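Written below as structure tokens is the structure these notes are about.
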Amino acid sequence: MSTTSTRQQVTPELRKWIVEQAQAGHGAESVLKAMVASGWAEDVAVDAMEETLRGHLEAEAQAKGLPPAVPVPEPTLDESPLYLDGGDRKVCVLQTVVDPRIVVFGNLLSDEECEQLIQFAKPRLARSLTVQTKTGGEEVNEDRTSNGMFFQRAENELVRRIEQRIARLVNWPEENGEGLQILQYGPGAEYKPHYDYFDPNEPGTPTILRRGGQRVGTLVMYLGEPEKGGGTVFPDVHLEVAPKRGNAVFFSYARAHPSTRTLHGGAPVLQGEKWIATKWLRERRFE
Ligand code: PD2
Ligand code: ZN
């Protein structure tokens with residue numbers, strides 16, 4: 001007899017009961033215990049709870065007018081590994097936050113890779129533009145006082161290698177990535193707190209989304225260290241990530257909404273120069 005035919009069936013009554021328990025404030029452990037005590041197999045009970053509560057929260061979110069949640073890139077962090085396999089490089093997991101999902105990586109790039117990216121970018125730097133959400137075009141933005149440039153995806157061997165590493169690290173197709181952006185911040189330069197997803201209420205957003213859907217994840221890689229300042233800040237969770245060369249911060253957002261608490265910014269550089277490479281990840285292939 002196959003396991004599927006003997007697996008206990010999760011009924012609508014059971015789903016209703018699970019939601020009621022959660023609403024009454026009972027914790028996952030005690031609900032699970034009660035289910036097992038009344039004869040449910042533990043694996044069936046865990047799956048039923050996860051699926052039911054996820055579905056319930058999603059229905060509630062959509063009823064409140066939030067955009068639907070979509071799949072997001074996610075490093076493989078079950079069992080809290082200290083290292084992840086980047087294919088050609090062993091990457092450290094330095095810090096993780098579950099909600100919002102934020103992961104700080106160490107040793108993502110070598111010093112040589114950081115230096116090479118900076119040298120390739122230097123002759124092509126211009127005052128940073130941001131996407132103009134009113135029209136879908138680009139504009140100089142006073143909130144972003146850095147200089148920047150974009151590489152094409154897989155523009156050269158170095159960029160391709162780094163893109164492959166990132167794709168493997170966060171389990172997301174290379175083709176869904178925008179081209180790497182390099183930014184240079186001098187003393188006083190900053191990037192004021194913002195969300196990286198495109199605001200669904202702005203008239204230019206449908207045009208932007210035609211190139212691969214929403215942004216669902218960001219990886220900011222630190223290429224050059226300032227002496228002071230220049231951290232990446234997440235005001236909603238009071239987190240500041242130090243801009244250490246070779247390290248990176250990853251975060252994801254399943255819906256284009258502030259409820260993701262992914263507000264973030266580049267704090268002003270106080271001394272020295274900060275260089276970063278940003279990889280934004282889209283829902284689908286970025287054209
Ligand atoms: O430079 C940063 O730390 C930073 C902060 C916020 C970069 C970005 N956003 C970005 O490139 O989106
Ligand atoms: Zn950003």
Side-chain angles (χ1 to χ4, degrees), residues 72-73 94-95 97 100-106 108-109 114 117-118 121 125-133 138-151 159 162-163 166 170 177-199 202 205 208 212 214-253 256-258 260-282 286:
V72 295
L94 297 180
Q95 192 177 19
V97 178
R101 173 47 106 198
I102 302 173
V103 182
V104 180
F105 294 115
L108 175 56
L109 301 175
C114 292
L117 282 175
I118 292 174
L125 288 181
R127 173 74 190 267
S128 295
L129 302 174
T130 41
V131 177
Q132 196 179 15
T133 43
E138 287 187 319
E139 61 183 354
V140 168
N141 181 338
E142 283 312 312
D143 288 348
R144 195 179 193 195
T145 49
S146 53
N147 295 313
M149 57 77 69
F150 274 97
F151 285 108
V159 168
I162 294 170
E163 288 173 338
I166 296 169
V170 301
E178 297 182 27
L180 264 190
Q181 186 187 43
I182 309 294
L183 289 183
Q184 173 205 35
Y185 300 77
E190 67 180 315
Y191 193 173
K192 296 229 172 90
H194 59 276
Y195 298 97
D196 278 354
Y197 56 74
F198 301 108
D199 185 342
E202 291 288 350
T205 295
I208 296 167
Q214 263 294 357
R215 284 180 178 162
V216 288
T218 303
L219 182 75
V220 175
M221 293 166 276
Y222 306 106
L223 309 178
E225 294 176 9
E227 275 102 60
K228 287 182 185 163
T232 304
V233 294
F234 293 82
D236 291 346
V237 287
H238 309 285
L239 177 68
E240 176 165 351
V241 179
K244 172 112 185 64
R245 180 195 278 248
N247 288 7
V249 59
F250 164 80
F251 54 100
S252 63
Y253 24 98
H257 194 271
T260 56
R261 302 194 297 160
T262 53
L263 184 69
H264 66 284
V269 170
L270 301 177
Q271 199 182 318
E273 249 186 15
K274 170 186 172 189
W275 286 83
I276 61 163
T278 302
K279 178 59 116 175
W280 287 294
L281 304 167
R282 298 285 192 111
F286 178 72

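Since the structure is predicted, the reported quantities are computational estimates derived from the model, not experimental observations. Counting starts at 1 for both ligands and their atoms, in listed order.
Cation-pi geometry between Lys274 and Tyr185 is met: under 6.0 angstrom from the ring centre, within 45 degrees of the axis.
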- Full working for side chain to side chain contact (heavy atoms under 4.5 Å, CB included) between Gln184 and Ile118: CA-CA 9 Å; Gln184 173 205 35; Ile118 292 174; over 6 Å; no
- Message: Assess the residue pair Lys279 and Glu178 against the criterion (salt bridge (charged side-chain N to carboxylate O under 4.0 Å, His left out)); give the C-alpha distance rounded to whole Å, side-chain angles, the decisive distance to 0.1 Å, and a yes or no.
- Response: CA-CA 6 Å; Lys279 178 59 116 175; Glu178 297 182 27; over 6 Å; no
- Worked verdict on Tyr197 versus Thr262 for side chain to side chain donor-acceptor pair (under 3.5 Å): CA-CA 9 Å; Tyr197 56 74; Thr262 53; 5.7 Å; no
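Taking the side chain as every heavy atom from C-beta outward, Thr218 and Leu281 never approach each other to under 4.5 Å.
Residue-and-atom listing of protein N/O/S atoms under 2.8 Å from the Zn ion (ligand 2), sorted by chain and number: His194 NE2, Asp196 OD1, His264 NE2.
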Could you tell me, for ligand 1, which of its N or O atoms are under 3.5 Å from any protein N or O, listing the pairs and their distances rounded to 0.1 Å?
unit_1   : atom_1 : unit_2 : atom_2 : d
ligand 1 : 1 (O)  : Tyr185 : OH     : 2.5
ligand 1 : 1 (O)  : Lys274 : NZ     : 2.9
ligand 1 : 3 (O)  : Thr232 : OG1    : 2.6
ligand 1 : 3 (O)  : Lys274 : NZ     : 2.9
ligand 1 : 9 (N)  : His194 : NE2    : 3.2
ligand 1 : 9 (N)  : His264 : NE2    : 3.1
ligand 1 : 11 (O) : Thr278 : OG1    : 2.9
ligand 1 : 12 (O) : Asp196 : OD1    : 3.3
ligand 1 : 12 (O) : Asp196 : OD2    : 3.3

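A donor atom on one side chain and an acceptor atom on the other are found under 3.5 Å apart for His264 and Asp196.
The residues Glu225 and Lys244 are annotated as salt-bridged, a charged nitrogen and a carboxylate oxygen being separated by less than 4.0 angstrom.
Closest approach of Ala248 to Met221, counting heavy atoms only: CB-CG, 3.7 Å.
In this structure, Phe251 has its ring center under 6.0 Å from that of Phe234.
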